[in-house]
Amino acid sequence: MSRAVRQQLLSMTGSLEKANRTLKDAVSRTRINEEGILKLLADCQDTAIMMGNEIEEVYGEDTDSVPRLEEYCESLYEMTLVVNHPIRRKEQQKAIANHLRRIRRTISEEIPDRLEVVFLPYKASMWDSLESVWMAADADEDCDAYVIPIPYYDKNQDGSFREIHYEGEEYPDYVPVTHYKEYDFTKRFPDIIFIHNPYDDCNYVTSVDPFFYSKNLKNFTNKLVYIPYFVLAEPNPDDPNVGKGIEHFCTAPGVLHADQVIVQSENMRKVYIDVLTEYTADHGFTRKYWEDRILGLGSPKMDKVLRTRRENVEVPEEWRRIIEKEDGEWKKIILYNNSVTSLLQNEDKMIRKMKDVFRTFEENKEEVALLWRPHPLIKATIESMRPELWEEYKKLVEWYIGQGWGIYDDTADLDRAIALSDAYYGDHSSLVQLCQEAGKPVMIQDVEIIDEEVSDE
């Protein structure tokens with residue numbers, strides 16, 4: 001149970017104690033307002049029942065607090081029976097006060113003063129953007145941390161929902177997962193909620209379930225925190241044009257609704273603040289408002305990359321057959337990544353470029369192993385926005401996998417791919433920053449450079 005709910009229960013206990021002081025004054029009078037007293041007793045009973053229901057829904061029936069509340073309700077009923085007897089009603093009021101003291105003591109002892117923190121990832125492959133924060137919360141003895149993967153939908157071109165996805169089974173074994181249907185946000189009201197998807201209904205390709213839109217989650221916590229699932233190229237905050245290229249990231253709904261936003265660096269923080277100050281100026285939001293909310297504390301994705309070592313990752317046997325030479329030594333492993341943006345912008349030309357890349361690596365497969373890891377949203381995006389292009393792309397994927405000389409990695413474990421690789425080749429993406437942080441050489445592919453022998457088929 002969150003601190004917020006605990007405080008609410010203690011606050012409700014305080015309200016009952018205040019009502020009992022009013023009752024004491026009322027029953028001490030020579031002429032009493034019987035109707036008013038009965039109304040007060042009924043209101044107290046309703047509050048006590050509400051408290052008992054909340055405790056049972058979170059902790060179950062095996063508590064001492066609920067029996068204490070039931071005893072209190074019984075004492076309220078007994079007061080209604082003696083309300084016209086001056087001596088007995090005063091005695092009963094003292095009994096009620098004793099019940100309230102026991103209720104406060106029992107709730108304080110039985111419901112610990114702990115922070116309840118909820119993490120709401122949607123794609124398992126993006127869990128690394130929250131993991132190090134969860135690890136810190138999970139290690140805190142005064143904190144209860146819940147990882148609750150949330151469902152998301154592919155979208156049709158008209159914006160309607162298509163296929164639903166839930167990836168709760170794809171998280172690492174050391175991450176305890178709670179199903180989203182088993183956690184009642186209304187009753188538990190977590191102290192902090194962390195999200196990494198900021199788009200709400202503004203993404204044309206996918207959408208998390210609308211219940212988990214940032215604008216709705218604000219109703220169920222006192223602190224909504226957004227951490228981007230991506231890492232961008234480090235900006236120069238002194239460049240007056242730098243904000244234009246990332247404005248859509250800075251002004252996403254999750255940023256605007258969050259109580260705190262944690263970005264990858266102080267330079268990125270400055271850019272976010274500049275963009276948001278200008279974007280919301282007409283709505284009364286000051287620069288100070290955004291300075292208090294945007295924090296440049298770093299990206300958990302970087303934490304995970306630096307924490308993951310080649311010698312500690314598990315390499316699938318089918319990968320080993322591609323990576324190892326006959327003498328048992330490993331080939332050089334090149335991490336190849338293609339982005340959604342490059343494919344949308346270049347379409348058939350990018351397909352030809354990828355064929356050229358694969359031909360080159362196939363020719364050098366005895367010395368170099370290619371680890372192809374496409375952007376996780378390529379299927380949903382291209383299938384929705386460019387159906388014909390998706391068919392061509394899918395054929396290329398099937399051909400590559402069928403050839404068997406390269407690795408195709410569409411798993412949730414991005415950091416394994418980076419740890420295993422000796423260098424990066426491909427499009428501009430978050431992987432570029434992560435590989436650079438891990439000390440890997442990086443080369444960006446140029447779609448205009450294509451061997452003339454590559455077939456268009």
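Salt bridge present: Lys123 and Glu167 bring a charged side-chain N and a carboxylate O closer than 4.0 Å. Salt bridge annotation for Asp274-Arg287: present, with a cationic side-chain nitrogen under 4.0 angstrom from a carboxylate oxygen. Using a 4.0 Å cut-off between charged nitrogen and carboxylate oxygen, Glu437 and Lys301 do not count as a salt-bridge pair. At a threshold of 4.0 Å, the pair Asp259-Lys218 counts as salt-bridged, since one of the basic side-chain nitrogens sits closer than that to a carboxylate oxygen. Residues Arg21 and Asp25 are not paired through a salt bridge, judged by the lack of any N-O separation under 4.0 Å between the basic side chain and the carboxylate. With respect to Glu116 and Arg3, no salt bridge is recorded, no charged nitrogen being found less than 4.0 Å from a carboxylate O. Ion pair Arg68/Glu71 flagged as a salt bridge, since at least one NZ, NE, NH1 or NH2 atom sits closer than 4.0 Å to an Asp/Glu carboxylate oxygen.
The number of heavy atoms from other shown groups lying within 6.0 Å of CG (Asp282) does not exceed 12. Heavy atoms from other residues, nucleotides or ligands lying under 6.0 Å from CD1 of Ile87 number 12 at most. Counting non-hydrogen atoms of other residues, nucleotides and ligands closer than 6.0 Å to CD of Glu318 gives a total above 12. Shown here is Asn241, whose CG atom has more than 12 heavy atoms of other residues, nucleotides or ligands within 6.0 Å. The environment of OH in Tyr171 is crowded: more than 12 heavy-atom neighbours from other residues, nucleotides or ligands sit within 6.0 Å. Within a 6.0 Å radius of CD in Glu278, no more than 12 heavy atoms belonging to other residues, nucleotides or ligands are found. Heavy-atom contacts from other residues, nucleotides or ligands closer than 6.0 Å to CD of Glu311 number more than 12. Heavy-atom contacts from other residues, nucleotides or ligands closer than 6.0 Å to NE2 of His165 number more than 12.
Distance alone, capped at 3.5 Å, places no donor-acceptor pair between the Glu163 side chain and the Tyr153 backbone. Side-chain N or O atoms of Asp292 include none that pairs as donor or acceptor with a backbone N or O of Tyr289 at under 3.5 Å. Although no hydrogens or angles enter the test, the distance criterion places no donor-acceptor pair under 3.5 Å between the side chain of Thr63 and the main chain of Tyr59.
Contact annotation: the side chain of Cys73 never approaches that of Glu78 to less than 4.5 Å [non-hydrogen atoms, C-beta and beyond]. Considering only heavy atoms from C-beta on, Ser299 stays 4.5 Å or farther from Gln433 through its side chain. Looking only at side-chain heavy atoms (C-beta outward), Ser129 and Phe230 stay at 4.5 Å or farther from each other. Two residues are said to be in side-chain contact when any heavy atoms from C-beta on lie closer than 4.5 Å; Asn53 and Ile55 fail this criterion. Side-chain contact between Ile351 and Leu389: present, with at least one pair of heavy atoms (C-beta onward) separated by less than 4.5 Å. The shortest side-chain heavy-atom distance between Phe285 and Thr277 does not fall under the 4.5 Å cut-off. Annotation: side chain of Val175 is in contact with side chain of Pro172 (closest heavy-atom distance under 4.5 Å). Within the 4.5 Å cutoff, side-chain heavy atoms of Tyr400 are placed close to those of Trp372.
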**Asked** Please walk me through it: do Leu371 and Tyr336 pass side-chain contact (heavy atoms from CB on, under 4.5 Å)?
**Response** CA-CA 6 Å; Leu371 196 166; Tyr336 179 57; over 6 Å; no
**Request:** Begin from the C-alpha positions of Glu91 and Lys94 and carry the test side-chain contact (heavy atoms from CB on, under 4.5 Å) through to its verdict.
**Result:** CA-CA 5 Å; Glu91 293 174 347; Lys94 291 179 181 179; 5.8 Å; no
**Request:** Report the C-alpha separation of Lys155 and Val205 in whole Å, then their side-chain angles, then the decisive distance to 0.1 Å, and conclude whether the side-chain contact (heavy atoms from CB on, under 4.5 Å) test is met.
**Result:** CA-CA 5 Å; Lys155 278 183 161 183; Val205 178; 5.7 Å; no
**Asked** Run the side-chain contact (heavy atoms from CB on, under 4.5 Å) check on Leu420 and Trp319 step by step: do they pass?
**Response** CA-CA 11 Å; Leu420 291 175; Trp319 289 20; 3.8 Å; yes
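Partner of Arg386 under the salt bridge (Lys or Arg N to Asp or Glu O under 4.0 Å) criterion, out of Glu391, Glu392, Glu347: Glu347 alone.
Taking the centre of each ring, Tyr146 and Phe119 stay at or above the 6.0 Å mark. Residues Tyr77 and Tyr72 place their aromatic rings such that the two centres sit no closer than 6.0 Å.
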